[in-house]
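Here the structure comes first, spelled out in structure tokens, and everything after it is commentary.
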Amino acid sequence: MSDTPARTWPRIGLRNLKTALSAALCALLYLLIGRNPTFACIGAIFGMGQNMDHSKLHGGNRLFGTIIGGFVGMALFWLYVHIFPQGDHRWALIPLLFVGVVVLILLSQVFWVGAVQPGGVVLCIILFNTPVDTYVSYSLNRMLDTGIGVIMSLLINWLLPRERLLVWLAPIRRRYYRLCRRMGLAVPEENQTCF
């Protein structure tokens, strides 16, 4: 008998499955309507939590951050385009970024504290990576896509709460434990979050 502990397989938790389902459904929906699913999928992944309350928190961070960062970015880029219509003075975006981050943090403190990081991402993308002629449509589309992704995660978490899934997955879990035992792998405790 070896003193080496039995190997365990990485656990596939219910949150993993719901996150994957949410992102996959967003991708399917968007590909069916001929639209790029990237930001909806990102919104779905960020929006999934271990329960409905966590989904509201994480999804709210992403959604409100995208909205606040998007509107701040649009306003600052509008100012930039009116001063430099050709968009050929990128150095002028640095002080606008400084002002934008300060405004973003202040607005996040008023509306949704967790919005700072995702809002900062959107702000930087709008200021430094969006063409002059598409910054408004980009910003609005990013807000819409993120919202759809977050709503998808909220819907999945509402339709498939942990308590319901545990009942449905009990037979599969028993088969998984038997397979692990036959292969000489450590079997997770019954109360652990595991597939």
Side-chain angles (χ1 to χ4, degrees), residues 15 18-50 52-157:
R15 181 177 171 189
K18 291 192 294 185
T19 302
L21 177 63
S22 183
L25 288 175
C26 282
L28 175 66
L29 174 69
Y30 270 65
L31 292 174
L32 285 174
I33 62 174
R35 204 171 147 100
N36 186 320
T38 303
F39 295 112
C41 293
I42 292 169
I45 291 167
F46 271 84
M48 183 57 68
Q50 65 188 20
M52 195 62 166
D53 288 336
H54 283 128
S55 282
K56 289 176 186 175
L57 175 65
H58 297 302
N61 290 347
R62 184 70 184 183
L63 180 60
F64 285 104
T66 301
I67 291 170
I68 293 169
F71 280 123
V72 169
M74 279 193 298
L76 293 172
F77 208 82
W78 175 86
L79 180 63
Y80 170 72
V81 168
H82 278 77
I83 296 170
F84 304 108
Q86 302 303 318
D88 54 355
H89 291 80
R90 303 297 274 178
W91 57 267
L93 291 171
I94 296 169
L96 292 176
L97 175 65
F98 182 89
V99 170
V101 170
V102 170
V103 170
L104 170 71
I105 292 170
L106 291 173
L107 290 174
S108 295
Q109 289 172 347
V110 170
F111 293 106
W112 195 276
V113 176
V116 174
Q117 289 82 4
V121 170
V122 174
L123 175 65
C124 290
I125 289 172
I126 291 170
L127 291 179
F128 295 109
N129 202 36
T130 308
V132 173
D133 55 339
T134 61
Y135 74 95
V136 172
S137 63
Y138 172 83
S139 302
L140 295 175
N141 281 317
R142 180 88 188 257
M143 289 180 223
L144 174 69
D145 296 343
T146 299
I148 289 172
V150 167
I151 289 168
M152 181 67 75
S153 283
L154 290 171
L155 183 64
I156 294 296
N157 237 348

Kindly check if the number of other-residue, nucleotide or ligand heavy atoms within 6.0 Å of CZ (Phe71) is above 12?
-> no

Return yes when atom OH of Tyr30 has more than 12 non-hydrogen atoms of other residues, nucleotides or ligands closer than 6.0 Å, and no otherwise.
-> yes

Where Ala27 and Pro37 come nearest, the two heavy atoms and their spacing | CA-CB, 3.7 Å

Separation between [atom1] of [X] and [atom2] of [Y], rounded to the nearest 0.5 Å:
X: Ile125; Y: Phe39; atom1: CD1; atom2: CZ; answer: 5.5 Å
X: Met52; Y: Leu155; atom1: CE; atom2: CG; answer: 8.0 Å
X: Asn157; Y: Asp53; atom1: CG; atom2: CG; answer: 9.5 Å
X: Thr38; Y: Arg142; atom1: OG1; atom2: CZ; answer: 9.5 Å
X: His58; Y: Ile45; atom1: NE2; atom2: CD1; answer: 13.5 Å

For Ile151, enumerate each residue passing the side-chain contact (heavy atoms from CB on, under 4.5 Å) test, keeping only those at least two apart in sequence or located in another chain.
->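 Scan of Ile151 (side-chain contact (heavy atoms from CB on, under 4.5 Å), adjacent residues dropped) gives none.
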
Please identify each residue that fulfils side-chain contact (heavy atoms from CB on, under 4.5 Å) with Leu79, with sequence neighbours left out.
->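 Listed in chain order: Ile83, Leu96.
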
In short, ring pair (Phe, Tyr, Trp, His ring centres under 6.0 Å) pairs touching residues 97-119 with sequence neighbours left out are Phe64-Trp112

Does any donor atom in the side chain of Ser153 or Ser55 lie under 3.5 Å from an acceptor atom in the other side chain?
-> no

Specify whether Trp78 and His82 have parallel, tilted or perpendicular ring planes, treating 30° as the upper limit for parallel and 60° as the lower limit for perpendicular.
->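 Trp78 vs His82 ring planes: tilted.
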
Taking Phe77 as the fixed residue, which of Phe84, Tyr135, Phe128 is the one that meets the ring pair (Phe, Tyr, Trp, His ring centres under 6.0 Å) rule?
-> Tyr135

Could you check if a side-chain atom of Leu76 sits within less than 4.5 angstrom of a side-chain atom of Leu123, using non-hydrogen atoms only?
-> yes

